[in-house]
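Structure first, then comments.
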Amino acid sequence: MRLQDYDCFYASVFEAENPVLKSLPLAVQQKQIIATCNYEARRRGLKKLQLVREAKKICPDVVIVLGEDLAPFRDASKQLHAFLRAFIWGDRVERLGFDEVFLDVTEMIEYNVELLNAHDLLHSFFHLDKLDPTVGFAFDATKFSGPTFPPSTDSPVCIESCFPKAFEDPLRLRLLLASHLARYLRDQLEHQKGYTASVGVSTSKLLAKLAGNVHKPSNQTTLLPPYVAAGPEEESNITRFMDAHEIGKIPGIGYKLVNRLKAHILCHDSDVGPHETPTRTSVTDNNKVTVRDVRCFANMGPHLLEKILGGPGSSRDIGTKVWGLINGVDTTEVHTARKIPTQISIEDSYGTLDTFDAVRKALVLLAASLIRRMRADLTEGERDDNKQADENKSSSIKRTRWLAHPRTLRLSTRTRAPEVNGTRNHIFNRVSRSAPVPRFLFNLDENVDALAERLVHESILSMFRKLHPERAGWHLSLLNVAVTNMVETAGESKHSNGRDIGKMFQQQETNLQPWKVIDGDDHSTVHDLQSASTANSEWDEGKLHAAPRFPHAPSPAETSTDDVFADDMADAAWEDSDGEDSTWSDPCRFCGTLVPHFASAAHELYHTVPE
DNA sequence: TCGGAGTAG
DNA sequence: TTTTCTACTCCGA
């Protein structure tokens, strides 16, 4: 199991496009801040999230590029994801944000362990293709590739010492092979795509991710066994590794939890109720608290953690979860790539937005971006809004279809902190209102800007009025428009991904690979962490959508007998929040949109049907 | 289902 | 330490 983390990703996207930038200090600007910068810039003292003004002062010759348009980053991320996926068996590649990827290579490692020649480890061959034994790379299986944690103390001549060691311990051998695979993939990524990455090699996403931070950039770290303490007086390498981290560095333990934990550890202030909101007296960074500080605190365990962190609003079993995390236990799966995002949102921030007209204009721009993104990410088929050969026009339109229809539209705003007499108000939270997505939004032939205009006037502005009934004087600092609640439309079957039942069984099978399981006395309480909450959804959705539907336009008879589809649409016929405009009727045969009877003929004109 | 909170990159 | 543009998950009502 490994994590890839592309080094300073935004900057790397520009560098890959224009390699000259690689040797210069490069910073990516969003609004007034440096979103990220390359390592040359960091060497000169620049930091992420620094004000551009300060950055220029510190490093006057910094090259600054604008990175507010995320499309290039999104595209590069998808490309790299696809590139890596081609190497990994069983599609076990999960993207986290734009610049991180988890790879579950269990199956590949198991296969290669079997084929290892114990008599000539020096000249081993890693197979990347079960069907073609020539595909792969040579490697030296007498030692780990790259740095390890703890650092290797082996002398350079280690054939004697490593070889039996690795074979005694199955986990050690598997991690060793994985370290070579990691090296290989990093090389491929660098030489074929021009991106460097940092990688962690371990048995869970949590451990791999933290390990990946140890040697950055452009390097890798393998977390060595033993993963289970050898005796009561011993510590496992997991404990050693986890203990050294600041508590807030653990993924899943964010700002709020850190504050509550620190309040307890540092002040052991038992008066602090579980849900007293952290005030400005909340503990700040002078006092570092490590995982060890928490883990070894008197009476520490799931129960005490639940008392410290639990309460209304907290996750269920938060104590158990956090106890698991600080003990290095993470049983979450590497999820295979999702075909459809669960939400698409577009936002922009503003100095202050105070007039209705300014708000309206801003919303139209956001709506237009949102519609473009919906078309890019939720449709399938060749559609190019700009250039289209005339004769092909109709044939290219008819091939474009929605993969999913979002049902809910959401407007969120954030107001500027009121700045009342010295007291900095802690209210930079967002507020939101939702409404159904109007069906006209799915009309692929309408001009984006026209649709945006219409969406704002017919839907978004009324949400805005609910959110801000006052006539003016909202000090808006942010607007966000989003669509959520995706309902997938009929699959064109073939390679519609993620919905594949065979794949799900295959996953289950690999889930049971024994060497992946983290076990041990010290965290026996957290074995079935999350099993209930994660196992579910793929299957549920798969069941609902597995049946291939509508490879072509169906006959009316097919439409009416398609129960699953009808169910979806019943779902989709959500109540209209204002009670108006809810004369739904049948789903359109071509795009799945619900169309009122009176409009169905007109609607269908939008589709040119192949027969 | 909605709206908010929390976390992450 | 609140400055960017997102995206996901969970909780209570």
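By convention in this document, chain letters (A, B, ...) are assigned in the order of the sequence lines, proteins followed by strands, and residues within each chain are numbered from 1.
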Exercise for review: Determine the sole option in Leu185(A), Val201(A), Val199(A) for which the side-chain contact (heavy atoms from CB on, under 4.5 Å) test with Leu103(A) is passed.
Suggested key: Leu185(A)
Exercise for review: Taking the side chain as every heavy atom from C-beta outward, state whether Val289(A) and Val294(A) have any pair of such atoms under 4.5 Å apart.
Suggested key: yes
**Study point:** Results of salt bridge (Lys or Arg N to Asp or Glu O under 4.0 Å) for Glu458(A) - residues two or more places apart only
**Key:** Arg454(A)
Study note, to complete from the structure: To the nearest angstrom, the CE-C1' distance between Met463(A) and dT1(B) comes to 15 Å
List every contact pair, protein side and nucleotides 5-9 of chain C side both N or O, where the distance is under 3.5 Å.
unit_1: dC5(C); atom_1: OP1; unit_2: Lys31(A); atom_2: NZ; d: 3.0
unit_1: dC5(C); atom_1: OP2; unit_2: Ser349(A); atom_2: N; d: 3.4
unit_1: dC5(C); atom_1: OP2; unit_2: Ser349(A); atom_2: OG; d: 2.9
unit_1: dT6(C); atom_1: OP2; unit_2: Glu347(A); atom_2: N; d: 3.4
unit_1: dT6(C); atom_1: OP2; unit_2: Glu347(A); atom_2: O; d: 3.3
unit_1: dT6(C); atom_1: O5'; unit_2: Ser345(A); atom_2: O; d: 3.2
unit_1: dA7(C); atom_1: OP1; unit_2: Arg373(A); atom_2: NH2; d: 2.4
unit_1: dA7(C); atom_1: OP2; unit_2: Ser345(A); atom_2: N; d: 2.7
unit_1: dA7(C); atom_1: OP2; unit_2: Ser345(A); atom_2: O; d: 3.3
unit_1: dC8(C); atom_1: OP2; unit_2: Thr342(A); atom_2: N; d: 3.3
unit_1: dC8(C); atom_1: OP2; unit_2: Thr342(A); atom_2: OG1; d: 2.4
unit_1: dC8(C); atom_1: OP2; unit_2: Gln343(A); atom_2: N; d: 3.1
unit_1: dC8(C); atom_1: O5'; unit_2: Thr342(A); atom_2: OG1; d: 3.2
unit_1: dT9(C); atom_1: OP1; unit_2: Arg338(A); atom_2: NH2; d: 3.4

Practice item. Just call it for Ile250(A): base, sugar-phosphate, or nothing, with non-hydrogen atoms closer than 4.0 Å on any strand. Key: sugar-phosphate
Practice item. Please list, chain by chain and in numerical order, all residues satisfying ring-ring contact (aromatic ring centres under 6.0 Å, His included) with Phe98(A), sequence neighbours excluded. Key: none
Exercise for review: List in chain and number order the residues that pass ring-ring contact (aromatic ring centres under 6.0 Å, His included) with Phe241(A), two or more places apart in sequence or in another chain; answer none if no residue qualifies.
Suggested key: Phe149(A), His245(A)
**Study point:** Thr408(A) side chain, from C-beta outward: closest of dC2(B), dT1(B), dG3(B)
**Key:** dC2(B)
Check your understanding: Asp7(A): what forms a salt bridge (Lys or Arg N to Asp or Glu O under 4.0 Å) with it, not counting sequence neighbours?
Key -> none
Exercise for review: Taking salt bridge (Lys or Arg N to Asp or Glu O under 4.0 Å) as the test, write out the residues that go with Arg44(A), two or more places apart.
Suggested key: Glu40(A), Asp61(A)
Practice item. Indicate, with a heavy-atom threshold strictly under 4.0 Å, whether Arg410(A) touches base, sugar-phosphate, or nothing. Key: nothing
Revision key, fill the gap. From CD1 of Ile33(A) across to C1' of dT4(C) the rounded distance in Å is 5 Å
Check your understanding: Looking for any heavy atom pair under 4.0 Å, which part of the strands does Ser412(A) touch: base, sugar-phosphate only, or nothing?
Key -> nothing
Point to revise | ring-ring contact (aromatic ring centres under 6.0 Å, His included) involving Phe464(A) - partner list, sequence neighbours excluded | key: His468(A), Trp474(A)
Check your understanding: Hey, does Gly97(A) reach any base, or is it just sugar-phosphate, or nothing, if we go heavy atoms under 4.0 Å?
Key -> nothing
Practice item. State which residues pass salt bridge (Lys or Arg N to Asp or Glu O under 4.0 Å) with Asp377(A); sequence neighbours excluded, sorted by chain then number. Key: Lys78(A), Arg373(A)
Contact list (N/O, under 3.5 angstrom) for nucleotides 11-13 of chain C vs protein:
unit_1: dC11(C); atom_1: OP1; unit_2: Arg316(A); atom_2: N; d: 2.4

Exercise for review: Quick one: label Ile253(A) by what it contacts on the DNA or RNA (base, sugar-phosphate, nothing), any heavy atom closer than 4.0 Å.
Suggested key: sugar-phosphate
Practice item. May I ask you to evaluate whether Ser434(A) reaches the phosphate of dT1(B), defined as a side-chain N or O under 4.0 Å from OP1 or OP2? Key: no
Practice item. Taking only the side-chain nitrogens and oxygens of Ser432(A), find out if one of them lies under 4.0 Å from OP1 or OP2 of dG4(B). Key: yes
**Study point:** Distance in angstrom units between Phe9(A) CZ and dA8(B) C1', rounded
**Key:** 16 Å
